[in-house]
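Note sheet for the following structure.
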Amino acid sequence: TNSENGSIAFAPSRKYAYVCEPGLQRNRVVIYDLSTSPITSPGTIAVSGGIRYQPAIARDGKRMYVPIHSGVSVVDTDPASSTFHTELLTIPTPITGSSGAIFEGPFDCAVTPDGKKLLVAYGERVATYQTPGTLGIIDLTLPTYPHQAVPITNSGALTLLGTPLVSRQRVEVSGDGRHVAFQSAAGNLD
């Protein structure tokens, strides 16, 4: 009951559920302990920016990637770690938004099965509907976390405040890590 319209990610162990709460200055992730009955919330994880939507947890369960207005917050989700349930760092992204608005900036994340790449779906303003949107690919194997921007077809642009806004609300990676699918605000798949 203390989460507001959030997106849920489950730890691979299924012991914890994490709810990202998009909204004005909600810079936190609510933790739920699924091993208790009734389910309890042992607390929240503070992150350094306005939360967007869907987080991603690596298959090994040690890191959670939370989209925030200025990039991606990296949270320790390894129960054996001394920094368990704390933000470790923020990876900046070239497409950002305001901490008080949820339409622009990183929206959703997905981690490749091998844990080496982080895919980021964005909400972004574009010049025209024909301008391609962007898929962000962050290399998690390098300490500088380089970002590659891949242009993708815009099938879900809408006009907001006079300029086209492209919104990729969901990004998923295939089980073998070779394919990526997006769902736009209009419900189209790319």
Side-chain angles (χ1 to χ4, degrees), residues 5-12 14 17-20 22 29 47 49-75 77 88-97 101-158 160 164-190:
N5 299 320
S7 295
I8 301 171
F10 293 95
R14 295 296 197 234
Y18 301 95
V19 178
C20 288
V29 177
V47 295
I51 285 190
R52 295 307 189 255
Y53 291 96
Q54 191 70 28
I57 298 179
R59 281 192 177 177
D60 66 7
K62 294 182 178 182
R63 297 289 180 267
M64 177 170 57
Y65 301 92
V66 179
I68 59 176
H69 77 281
S70 59
V72 178
S73 173
V74 181
V75 174
T77 51
L88 299 174
L89 63 111
T90 298
I91 301 172
T93 57
I95 299 170
T96 61
I102 59 173
F103 295 112
E104 294 178 64
F107 256 60
D108 187 17
C109 296
V111 182
T112 56
D114 62 10
K116 294 181 178 182
K117 305 278 186 204
L118 178 67
L119 308 169
V120 182
Y122 294 103
E124 60 185 306
R125 295 218 179 260
V126 293
T128 68
Y129 291 121
Q130 290 77 34
T131 306
T134 306
L135 163 64
I137 302 174
I138 297 172
D139 187 337
L140 299 173
T141 66
L142 298 173
T144 57
Y145 303 106
H147 182 281
Q148 178 184 0
V150 177
I152 55 175
T153 304
N154 283 336
S155 61
L158 57 102
L160 183 67
L165 176 70
V166 176
S167 170
R168 302 281 185 239
Q169 293 185 323
R170 296 280 298 145
V171 60
E172 293 288 336
V173 63
S174 64
D176 62 5
R178 297 180 58 196
H179 300 93
V180 177
F182 289 95
Q183 179 183 7
S184 69
N188 300 323
L189 287 179
D190 294 329

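In this text the structure is predicted, and so the values were computed from the model without any measurement.
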Query raised in the report: Do we see a donor-acceptor contact under 3.5 Å between the side chains of E124 and T134?
Result: yes
Requested in this report: In sequence, state the C-alpha distance, the side-chain angles, and the governing distance for L140 and I138, and then conclude on side-chain contact (heavy atoms from CB on, under 4.5 Å).
Outcome: CA-CA 6 Å; L140 299 173; I138 297 172; 4.2 Å; yes
Is there a donor-acceptor contact under 3.5 Å from the side chain of [X] to the main chain of [Y]?
| X | Y | answer |
| --- | --- | --- |
| H179 | S174 | no |
| T96 | S70 | no |
| T77 | G61 | yes |

Might you point out which heavy atoms bring [X] and [Y] nearest each other, and give the distance in Å?
| X | Y | answer |
| --- | --- | --- |
| P12 | A58 | CG-O, 3.8 Å |
| Q54 | S7 | OE1-CB, 3.2 Å |
| G71 | P106 | O-CG, 3.4 Å |

Nearest-0.5 Å distance, [atom1] of residue [X] to [atom2] of residue [Y]:
| X | Y | atom1 | atom2 | result |
| --- | --- | --- | --- | --- |
| I95 | F107 | CD1 | CZ | 11.5 Å |
| C109 | I91 | SG | CD1 | 8.5 Å |
| R63 | I57 | CZ | CD1 | 12.0 Å |
| C20 | M64 | SG | CE | 6.0 Å |

Which atom pairs, one a donor and one an acceptor, fall under 3.5 Å between side chains of residues 113-121 and the rest of the protein, sequence neighbours left out?
| from | atom 1 | to | atom 2 | distance (Å) |
| --- | --- | --- | --- | --- |
| D114 | OD1 | T112 | OG1 | 2.7 |
| D114 | OD1 | K116 | N | 2.9 |

Query raised in the report: Any side-chain heavy atom of V75 sitting closer than 4.5 Å to one from L88?
Result: no
Query raised in the report: Taking C-beta and beyond as the side chain, do V66 and V72 meet within less than 4.5 Å on heavy atoms?
Result: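 With C-beta onward as the side chain, the pair stays apart.
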Query raised in the report: Any chance CZ of R14 has more than 12 other-residue heavy atoms, nucleotides or ligands included, within less than 6.0 Å?
Result: yes
Query raised in the report: Given the rule in the side-chain contact (heavy atoms from CB on, under 4.5 Å) test, do Y122 and D108 qualify, once you have shown the distances and angles that lead to the verdict?
Result: CA-CA 7 Å; Y122 294 103; D108 187 17; over 6 Å; no
**Report entry** From CA spacing to verdict: side-chain contact (heavy atoms from CB on, under 4.5 Å), V111, Y65
**Finding:** CA-CA 8 Å; V111 182; Y65 301 92; 3.6 Å; yes
Report summary line: Across all chains, not counting sequence neighbours, the salt bridge (Lys or Arg N to Asp or Glu O under 4.0 Å) partners of D60 are none
